[in-house]
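What follows is a set of notes on a single structure, which appears directly below.
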Amino acid sequence: MKRILITGASRGIGLEMCRQLSERGNEVIATYRSPNSAGNLLELTNKCRNLHTYELDVNSSESVKSAICRIAEKFTSIDLVFNNAGILDWSPLGEVTAKSFQSIYNTNVVGVFRVSEEVISLLTKGTTPLIINLSSRLGSIELRGQSQLGGAIAYQCSKSALNMLTKQMSIDYARHGIRAIAISPGWVKTDMGGTEAKYEVSESVNLFLAQIDKLPASLNGVFLGEDGEMIPW
Ligand SMILES: NC(=O)c1ccc[n+]([C@@H]2O[C@H](COP(=O)([O-])OP(=O)(O)OC[C@H]3O[C@@H](n4cnc5c(N)ncnc54)[C@H](OP(=O)(O)O)[C@@H]3O)[C@@H](O)[C@H]2O)c1
């Protein structure tokens, strides 16, 4: 049994992780941006005694601090954090606005930074503590040019930056005993992925959680696919 914190748990991959991880007997701390979009999560909480919900907007330092503070009043440690909250704009170069670019960085990169820095003290008290950042193959600089995927320039850049943040966390947080890895869930049928995507959300989550279960406790600073394969940065 692990104690696991998830951001962006109101829908999509975050909500499905809450479902599967709590079904497996873990204690899940599910965070959501706003009650307005968290109906399904709050409903799930009624059925699962080991699922706890907190409001946390990764775009706001105050919201992150206040949520982690409330979480720390109830829990003494956390073993695993999924930085899952994310947003996408499909606009290519030439069309994307600076405002959208900034907003995507604020959520996908700075949001991960805010949550991770704030949760360090709870993680240090956890067992084999690990941060998993939900990245994307669209953030791989090496894969760019080898496939037709892409065009969502701000999102791509944000996930490349997230990858760098993950790598640096894996180095700097090692002194706290915390590891950090990036995972791409594949192309998933969520509001973000759309209906044409390869995986049902339950399928993707089931796949990558199985890979995470198999990870050696020493693995750190890598970028993995939903199938456990290494993805080039
Ligand atoms: N779907 C894919 O094909 C795919 C592929 C590669 C990577 N990913 C990554 O996987 C993660 C989850 O994606 P998804 O497909 O589940 O997306 P989604 O269905 O659009 O859900 C996004 C989640 O993030 C939350 N969120 C957005 N901004 C937030 C904020 N400021 N604070 C807190 N929560 C916030 C949303 O909350 P609200 O309900 O309040 O908006 C929602 O719960 C993302 O990081 C995404 O980049 C997805």
Side-chain angles (χ1 to χ4, degrees), residues 5-20 28-44 53-68 81-90 100 102-116 118-119 131-140 143 147 149-152 154-163 165-166 181-205 207-209 212 223-227 231:
L5 183 141
I6 302 171
T7 65
S10 60
R11 56 195 166 90
I13 292 168
L15 178 62
E16 184 60 24
M17 280 198 284
C18 291
R19 200 172 275 130
Q20 294 195 20
V28 177
I29 303 169
T31 68
Y32 58 93
R33 170 170 37 187
S34 154
N36 299 336
S37 58
N40 290 336
L41 173 66
L42 297 173
E43 198 177 309
L44 185 64
T53 52
Y54 292 85
E55 201 169 321
L56 183 159
D57 179 347
V58 304
N59 287 357
S60 154
S61 298
E62 289 68 37
S63 168
V64 172
K65 272 186 207 302
S66 144
I68 302 297
V81 172
F82 283 98
N83 281 308
N84 166 76
I87 55 171
L88 168 88
D89 173 351
W90 278 109
S100 175
Q102 281 177 328
S103 150
I104 288 177
Y105 263 68
N106 193 24
T107 304
N108 295 5
V109 188
V110 189
V112 172
F113 159 77
R114 286 189 188 99
V115 172
S116 304
E118 211 56 51
V119 87
I131 294 175
I132 298 183
N133 294 331
L134 269 285
S135 185
S136 166
R137 285 179 177 79
L138 292 179
S140 165
L143 289 185
S147 83
L149 280 175
Y155 180 80
Q156 287 169 229
C157 290
S158 76
K159 293 298 186 182
S160 299
L162 175 64
N163 286 351
L165 180 61
T166 308
I181 66 171
I183 280 197
S184 167
W187 187 21
V188 191
K189 286 179 190 156
T190 59
D191 293 338
M192 181 183 287
T195 52
E196 300 299 305
K198 176 176 178 188
Y199 294 113
E200 295 298 333
V201 66
S202 57
E203 203 182 354
S204 158
V205 170
L207 252 180
F208 74 73
L209 289 183
I212 291 165
F223 182 17
L224 299 175
E226 70 286 4
D227 47 8
I231 303 176

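Please read all numbers here as calculations on a predicted model, not as lab measurements. Nothing fancy with the numbering, it's 1 onward along the sequence. Both backbone and side-chain heavy atoms feed into the values below; hydrogens, waters and symmetry mates do not. Whatever order the structure lists ligands and atoms in, that order sets their numbers, starting from 1.
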Among all residues two or more places apart in sequence or in another chain, which pass the ring-ring contact (aromatic ring centres under 6.0 Å, His included) test with Phe223?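 If we apply the ring-ring contact (aromatic ring centres under 6.0 Å, His included) test to Phe223, skipping adjacent residues, the hits are Trp233.
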
Pocket residues of ligand 1, ordered first by chain and then by residue number (heavy-atom cut-off under 4.0 Å):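 Only Gly8, Ser10, Arg11, Gly12, Ile13, Arg33, Ser37, Leu56, Asp57, Val58, Asn59, Asn84, Ala85, Gly86, Ile87, Thr107, Leu134, Ser135, Ser136, Tyr155, Lys159, Pro185, Gly186, Trp187, Val188, Thr190, Asp191, Met192, Gly193 have heavy atoms that fall under 4.0 Å of ligand 1, ordered by chain and number.
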
Report yes or no: does Tyr105 contribute a side-chain atom to a donor-acceptor pair with the main-chain N or O of Cys157 at less than 3.5 Å?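 Yes.
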
Is a side-chain donor or acceptor of Gln156 paired with a backbone partner of Gly151 at a separation under 3.5 angstrom?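 Confirmed, Gln156 side chain pairs with Gly151 backbone.
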
Charged N-O contact under 4.0 Å between Glu62 and Lys65: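 No.
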
Would you kindly say whether Asn106 and Arg114 are connected by a side-chain donor-acceptor distance under 3.5 Å?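 Side chains of Asn106 and Arg114: pair found under 3.5 Å.
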
Testing the 3.5 Å rule here: is there a donor-acceptor pair between the side chains of Asp57 and Ser63?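 Side-chain D/A pair, Asp57 to Ser63: absent.
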
